[in-house]
Amino acid sequence: MVSIATWNVNSIRARLAHLSTWLGEAAPDVVAIQETKVQDADFPKDELAALGYHVLFSGQKSYNGVALLSKRPATLVATDIPGFDDPQRRVLAARVDDCLVVDLYVPNGSEVGSEKYAYKLSWLDALTAWVATLMASEPRIVLLGDFNIAPDDRDVHDPEAWRGKILCSEAERERLRALTALGLVDVFRSFEQAPQSFSWWDYRGGGFRRNEGLRIDLILASAALGIGCAGCAIDLAPRRWEKPSDHAPVIAHWTA
DNA sequence: ATGGTGGCGCGGCCA
């Protein structure tokens, strides 16, 4: 694996042309997709296979849904957090060569204190317990996706306005720290980055035009993988295209 | 507290 990307496409059917164009330009070896918003029977697998990718997916009607595209064959490992009963399709783990790739669409949480927020925190606790067991036997593991958490104030356009709010609350950040404390590195922060680097901007109020965003799309690598990582960048180009996703893709690369 | 925009699927939910 030379490069791996994550992109919340906000409907794979609405974004298929964007995805195809971007895959042709960026040519990532592995792509974790979130918010496919389609049940498996309607997933555009033939279109993506025609672009040279093996395709795994776990979807549902209208909401959520994840997929993994890979130039090399992938074998499915899990589409659920073991023991966490959840009809929402947010997890896809697969082995690609000697790496375990875990595509995640973390719950948004809606509003601090809400029922959805409690679900988000319990989901994150279950995830961390599972990843702890995985890391005991998987030296080369990467967790990537839409984490719906801005790790710290550098990842927020207006930290004071967002303080304690959903995507930024201390309980969410504490959960993310507990996860990374298992031995994962946020590879984006392993390299010098421009200030005000974000991966998501609300459609409303011209958020992207004003760069009023958050960095909530993350690539977390185990030490054995993180050591060799040669760079990580947010590709802003697709966010400027007509009818874009509200997220930009994030891509990390390794030297061959 | 609300509303601003977008996707799904055709009213209202979710982000």
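In what follows, chains are A, B, ... by sequence order, proteins preceding strands, each numbered from 1. Any value given below was found using the heavy atoms of this structure, including those in side chains, with hydrogens, waters and symmetry copies removed.
In this structure, CD of A:Glu172 is placed 14 Å from C1' of B:dA15, rounded to the nearest angstrom. Going from atom CD of A:Gln34 over to atom P of B:dA15 covers 14 Å, rounded to whole Å. Rounded to an integer number of Å, the gap from CG of A:Asn64 to C1' of B:dC13 is 12 Å. A:His247 places its NE2 atom 13 Å from the C1' atom of B:dT5, with the value rounded to the nearest Å. Put simply, NZ on A:Lys120 is 11 Å from C1' on B:dA15, counting in whole angstrom units. Whole-Å rounding puts the A:Arg13 CZ to B:dC8 P distance at 6 Å. Remark: P of B:dA1 and CD1 of A:Ile166 are 15 Å apart, rounded to the nearest angstrom. Regarding A:Gln88, its CD atom lies at a distance of 7 Å from the P atom of B:dA15, rounded to whole Å.
For A:Asn108, taking side-chain heavy atoms from C-beta onward, the closest of the listed nucleotides B:dG6, B:dA15, B:dG9 is B:dA15. Distance from the side chain of A:Ser11 is smallest to B:dG7 among B:dG7, B:dG9, B:dA15. Closest contact between the side chain of A:Arg204 and the listed nucleotides B:dC8, B:dG6, B:dG4 involves B:dG4.
Nucleic acid contact class of A:Tyr105 (heavy atoms, under 4.0 Å, all strands): sugar-phosphate only.
The pair A:Lys116-A:Glu111 does not meet the salt-bridge criterion, since no charged nitrogen lies less than 4.0 angstrom from a carboxylate oxygen. Under a 4.0 Å N-O distance rule, the pair A:Asp186/A:Arg215 qualifies as a salt bridge.
By the 30° and 60° cut-offs, the orientation of the rings of A:Trp162 relative to A:Trp200 is perpendicular.
Residue-to-nucleotide contacts include no donor-acceptor pair under 3.5 Å from the side chain of A:Tyr63 to the base of B:dC8.
For the P atoms, the distance from B:dG6 to B:dT2 is 22 Å, rounded to whole Å. For the P atoms, the distance from B:dG9 to B:dC14 is 14 Å, rounded to whole Å. For B:dG3 and B:dG12, the P atoms lie 15 Å apart once the distance is rounded to whole Å.
Taking side-chain N and O atoms only, A:Lys243 has a distance below 4.0 Å to OP1 or OP2 of B:dG7. Contact check, A:Lys116 against B:dC14: a side-chain N or O comes under 4.0 Å of OP1 or OP2. The phosphate of B:dG7 has OP1 or OP2 within less than 4.0 Å of a side-chain N or O from A:Arg15.
Side chain to side chain, A:Ser169 and A:Tyr117 meet the donor-acceptor criterion of an N or O pair below 3.5 Å. Looking only at atom types and distance, the side chain of A:Trp201 has a donor-acceptor partner in the side chain of A:Asn211 under 3.5 Å away.
Of the residues near DNA chain B, A:Arg90 and A:Ile12, the one whose nearest nucleotide (by heavy atom distance) lies more toward the 5' end is A:Ile12. Place A:Gly109 and A:Thr36 on DNA chain B by their nearest nucleotides, and A:Thr36 ends up nearer the 5' end.
Note: the hydrophobic cluster containing A:Val156 also contains A:Leu167 (ILVMFWY, side chain heavy atoms under 4.5 Å, direct or indirect links).
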